[in-house]
Amino acid sequence: MRYETLHDLHIPKIGFGTWTIGGKSCADDAQDARSLAALLSGLEQGYTLFDTAEIYAAGHAEELLGRAIRASGLARETLFITSKVSPGHLGNADVLHSCENSLRRLGMDYIDLYLIHWPAREMELAETFRALNQLVAEGRVRHLGVSNFNLKLLEDAVALSATALFTNQVSNSLPDRTCVKNGVLAYCQKNDILLTAYSPVKRRFIRGNKPLQALGKARGVSSQQIALAWLVSQPRVIAIPMSFDPQHQAENLVAADMDLTASELVQLGL
Ligand SMILES: NC(=O)c1ccc[n+]([C@@H]2O[C@H](COP(=O)([O-])OP(=O)(O)OC[C@H]3O[C@@H](n4cnc5c(N)ncnc54)[C@H](OP(=O)(O)O)[C@@H]3O)[C@@H](O)[C@H]2O)c1
């Protein structure tokens, strides 16, 4: 596994997403066995970075992640857990309350990385960061970040965070290069901020992408693996694919160690 080194931490280039673990917008207990099996398989295969949010399955994804980690027997400090506060909870007291609820559902006494999930039109970013900075000072959260922030908001967040802002988590994949066009990727790379790529292999992004399919076929790997290898070959970029399938989970880990040649990058149109 390749890593990004940031503030003396080694962050794996590939982590594990949890959207649809335990349900979608509501908890769906019928998904528990399948979800726990997927998480345990990920833990057994060596995933150490997990991305979740209070909104995923209305908190149930966090509960299942906590349960899977305890069942794995892995030491908490060997893992890096990200969670997110929802746009409707960005007031000072709401942030503190949301974080306590996430910690309770996870069954943990700290979250490694806590993100604002989406900017809200009516948010007072300074007020939100007062609460986020307090959570860091109290040791409930180790690092702060944002998600779905444009360049202007990202600069504002950097200025308001009492500790170095850790990441901006955004959609990033070969067919969705908004973060290149809007300057967010370049800003992250220049300022030592991780760009965490979400939806890196989503079916609609990969399906029909001919260069990915051709390169995958030539190498005997999947289009998804080429897509991930390309993403994480970029400085300061990590990716958090989600998969229920142990085979796909394994392939996604392998992708972190694949090197693409200059001619392969040209074939991808880069
Ligand atoms: N911050 C935000 O606003 C935001 C938004 C979206 C997502 N996220 C985070 O990012 C994570 C990933 O994004 P996502 O779930 O939208 O999309 P994704 O991980 O790009 O795509 C998930 C889909 O890809 C399939 N897949 C995964 N690896 C594969 C492989 N090697 N080969 C073939 N198919 C593969 C999965 O199916 P199988 O289960 O069959 O493998 C699943 O259907 C989420 O789980 C969440 O943690 C954050």
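All values below were derived from every heavy atom in this structure, side-chain atoms included, with hydrogens, water molecules and symmetry-related copies excluded. Numbering of residues begins at 1 and proceeds along the displayed sequence. Computed from a predicted model, the values in this text were never measured in an experiment. Order of listing sets the numbers, starting from 1, for every ligand and every atom in it.
- Side-chain N/O atoms of E63 and H60 include a donor and acceptor closer than 3.5 Å.
- By the criterion of side-chain heavy atoms lying less than 4.5 angstrom apart, applied directly or through intervening Ile, Leu, Val, Met, Phe, Trp or Tyr residues, L96 is grouped together with L90 in one hydrophobic cluster.
- In terms of protein heavy-atom proximity, atom 3 (O) of ligand 1 is closest to N148 ND2, 2.9 Å.
- Taking atom 37 (O) of ligand 1 as the reference point, the nearest protein heavy-atom neighbour is R203 NH2, 3.5 Å.
- Not one N or O of S222 is nearer than 3.5 Å to an N or O of ligand 1, by distance alone.
- A side-chain donor from one of S86 and E54 sits under 3.5 Å from a side-chain acceptor of the other.
- Ranking the protein heavy atoms by distance from atom 15 (O) of ligand 1 puts M242 CB, 3.6 Å first.
- Y56 and H117 have their aromatic ring centers within a separation under 6.0 angstrom.
- Under 4.0 angstrom from ligand 1, the non-hydrogen atoms of H248 come from both its backbone and its side chain.
- The protein atom (non-hydrogen) at minimum distance from atom 13 (O) of ligand 1 is S199 N, 3.0 Å.
- Atom 45 (O) of ligand 1 has W19 N, 2.9 Å as its closest protein atom, hydrogens excluded (heavy atom only).
- Looking at atom 4 (C) of ligand 1, its nearest protein heavy atom turns out to be Y198 CD2, 3.3 Å.
- Within ligand 1, counting atoms from 1 as listed, the ones closer than 4.0 Å to a heavy atom of H117 are 1 (N), 2 (C), 3 (O).
- Look at Y56 and you'll find a heavy atom under 4.0 Å from some atom of ligand 1.
- A ring-centre distance under 6.0 Å is not found for Y47 and F80.
- Scanning all protein heavy atoms for the shortest distance to atom 28 (N) of ligand 1 gives N252 ND2, 3.0 Å.
- No continuous path of hydrophobic side-chain contacts links I11 to L79 [ILVMFWY only; heavy atoms under 4.5 Å].
- Considering backbone and side-chain N/O atoms, K84 never comes within less than 3.5 Å of an N/O atom of ligand 1.
- Here is the list of ligand 1 atoms found below 4.0 Å of a heavy atom in I240: 9 (C), 10 (O), 11 (C), 12 (C).
- Annotation for L260 and R219: closest pair CA-NH2, 3.7 Å, computed over non-hydrogen atoms.
- Both the backbone and the side chain of S243 come within 4.0 Å of ligand 1, counting heavy atoms alone.
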Let me have the donor-acceptor pairs involving side chains of residues 14-25, under 3.5 Å, with sequence neighbours excluded, atom names and distances please.
| residue | atom | partner | partner atom | Å |
| --- | --- | --- | --- | --- |
| T18 | OG1 | D51 | O | 2.7 |
| T18 | OG1 | T52 | OG1 | 3.1 |

Donor-acceptor list for residues 103-111 side chains, cut-off 3.5 Å, not counting sequence neighbours:
| residue | atom | partner | partner atom | Å |
| --- | --- | --- | --- | --- |
| R104 | NH2 | N101 | OD1 | 3.1 |
| R105 | NE | E62 | OE1 | 2.7 |
| R105 | NH2 | E62 | OE1 | 2.9 |

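- In the vicinity of W118, heavy-atom distances shorter than 4.0 Å reach the ligand 1 atoms 3 (O).
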Query raised in the report: Passes salt bridge (Lys or Arg N to Asp or Glu O under 4.0 Å), D28 versus R34? Steps please.
Result: CA-CA 11 Å; D28 176 4; R34 180 173 179 248; over 6 Å; no
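- Interface of Q169 with ligand 1, defined as ligand atoms under 4.0 Å from a residue heavy atom, comprises 1 (N), 2 (C), 4 (C), 8 (N), 9 (C), 48 (C).
- By the criterion of a heavy-atom distance under 4.0 Å, the backbone of T18, and not its side chain, is placed next to ligand 1.
- The closest protein non-hydrogen atom to atom 47 (O) of ligand 1 is D51 OD2, 2.7 Å.
- Using the six-membered ring where Trp is involved, Y3 and H10 have ring planes that are perpendicular, over 60° apart on the 30 and 60° scheme.
- Checking only distances, F244 does come within under 3.5 Å of ligand 1, N or O to N or O.
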